[in-house]
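The block underneath contains the structure these notes are about, expressed in structure tokens.
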Amino acid sequence: YGEQIVVQNKSITIDLNGHTIKNDNTHPDYAGHAAIRVDENGVLTITDSSSEKTGAVVGISEAEAAHGGAVITVVGGTLTLEGGTVTGNTTTAQGGGIFVKNGTVNVKDGAVITGNTAAEGGGIYARDNSTVNIYGGTISSNSAAEGGGIYATGSSTVNICGGTISNNTATSTKMDRDGISPQGGGGIATVGSVTLTMSGGIISGNTACGAGGGIGMRRETGTDAPVLTITGGSITGNTANAHEGGGIRLEGAGIIDPTA
């Protein structure tokens with residue numbers, strides 16, 4: 001894997017303690033490799049005990065985007081962010097900050113995912129049967145064609161229990177599914193039979209050049225419809241420029257019950 005930290009079949013904690021882990025995998029032989037990879041049965045917790053909270057995991061710059069994958073890749077493992085900043089990555093692939101496949105990502109207070117760019121999922125990209133739990137922390141100022149903050153597909157599950165998803169941008173104005181399904185999802189985009197539950201947290205100030213400024217959930221041909229359940233939290237001040245759904249655009253089943 002080149003200069004890469006790999007966690008597999010073990011549980012470890014990395015305390016950044018104000019330091020930086022930098023992805024320098026720009027050699028063609030290691031194109032697409034992340035700074036950290038959490039593989040099957042691997043459990044990684046990242047913290048930052050420094051008083052200044054300056055610890056970071058940093059990706060590949062815009063000039064090196066063709067070589068880049070996510071800053072952190074999770075394939076069959078579990079990643080928990082309790083501190084530190086995941087930042088500075090630009091990739092022409094999926095998952096600017098974090099890429100997860102058949103794994104779990106937990107974001108908690110003290111964690112920040114910011115300043116990343118990807119084709120899909122500027123902050124987090126989740127596919128297949130992945131689970132993304134946002135308990136706290138901040139996902140902000142990321143960008144992608146679709147899913148500026150978070151992009152989920154397949155049969156993935158996204159749970160928003162706390163934290164802030166703000167000022168992310170989805171740049172695409174394209175239409176899918178025979179021209180009837182606009183791309184977007186400035187804060188969160190889902191495609192396919194994804195389940196999204198929001199019981200807390202804030203989704204604000206996100207922009208979709210297409211549809212779904214805060215949340216955009218699209219069907220996919222041959223799959224079940226997505227499901228959205230909102231029982232708490234705040235969705236405010238989001239914008240969809242070209243199509244509908246400044247706050248939410250949903251092609252599926254939805255329950256919004258803040259009294260639940």
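We use all heavy atoms of the structure for the numbers below, so side chains are in, but hydrogens, waters and symmetry mates are not. For the single chain, residues carry numbers from 1 onward in sequence order.
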Item to complete: Only counting residues at least two apart or in another chain, list the ones meeting side chain to side chain contact (heavy atoms under 4.5 Å, CB included) with Ile256.
Response: Ile230, Ile248, Pro258

Item to complete: For a side chain to side chain contact (heavy atoms under 4.5 Å, CB included) with Val105, tell me which candidate from Val100, Thr78, Thr80 qualifies.
Response: Val100

Worksheet item: What residues form a side-chain hydrogen bond (donor to acceptor under 3.5 Å, both in side chains) with Ser50, not counting sequence neighbours?
Response: Asp48

Fill in: Option among Thr87, Asn142, Asn168 that satisfies the side chain to side chain donor-acceptor pair (under 3.5 Å) test with Asn116
Asn142

Discussion item. Can you give me the closest heavy-atom contact between Gly137 and Asp109, atom names plus distance?
Written reply: N-OD1, 3.4 Å

Fill in: Salt bridge present between Arg37 and Asp39 (N-O < 4.0 angstrom)
yes

Response to the item:
Applied to residues 125-138, the salt bridge (charged side-chain N to carboxylate O under 4.0 Å, His left out) test, sequence neighbours excluded, yields none

Discussion item. I'd like to check the side chain to side chain contact (heavy atoms under 4.5 Å, CB included) partners of Val227; sequence neighbours left out, ordered by chain and number.
Written reply: Thr195, Thr229

Practice prompt. Mark yes or no for whether Lys10, through its side chain, and Val43, through its backbone, hold a donor-acceptor pair below 3.5 Å.
Written response: no

Discussion item. Can you list everything that forms a side chain to side chain contact (heavy atoms under 4.5 Å, CB included) with Asn167? Sequence neighbours excluded, please.
Written reply: Ser141

Item to complete: Give every residue pair that meets the salt bridge (charged side-chain N to carboxylate O under 4.0 Å, His left out) criterion with at least one member in residues 195-210, sequence neighbours excluded.
Response: none

Worksheet entry | Heavy-atom closest contact (Gly185 atom, Ala170 atom, distance) | O-CB, 3.6 Å

Worksheet item: Is the shortest distance from a Lys or Arg side-chain nitrogen in Lys174 or Glu146 to a carboxylate oxygen in the other one below 4.0 Å?
Response: no

Fill in: All side chain to side chain contact (heavy atoms under 4.5 Å, CB included) counterparts of Ser140, not counting sequence neighbours
Thr114, Thr138, Ser166

Fill in: Residues that, via side-chain heavy atoms closer than 4.5 angstrom, fall in one hydrophobic cluster with Ile255
none

Worksheet item: Quick one: hydrophobic cluster around Val112, which other residues, with the 4.5 Å side-chain cut-off, linked directly or via members?
Response: none

Worksheet entry | Pairwise salt bridge (charged side-chain N to carboxylate O under 4.0 Å, His left out) hits with a residue in residues 93-105, at least two apart | none

Practice prompt. Sort out for me which residue in Thr169, Thr92, Thr171, Thr90 forms a side chain to side chain contact (heavy atoms under 4.5 Å, CB included) with Thr117.
Written response: Thr90

Worksheet item: Got a sec, which residues hit ring-ring contact (aromatic ring centres under 6.0 Å, His included) with Tyr125, two or more places apart in sequence or on another chain?
Response: Phe99, Tyr151

Discussion item. According to salt bridge (Lys or Arg N to Asp or Glu O under 4.0 Å), who are the partners of Glu244, at least two apart in sequence or on a separate chain?
Written reply: Arg249

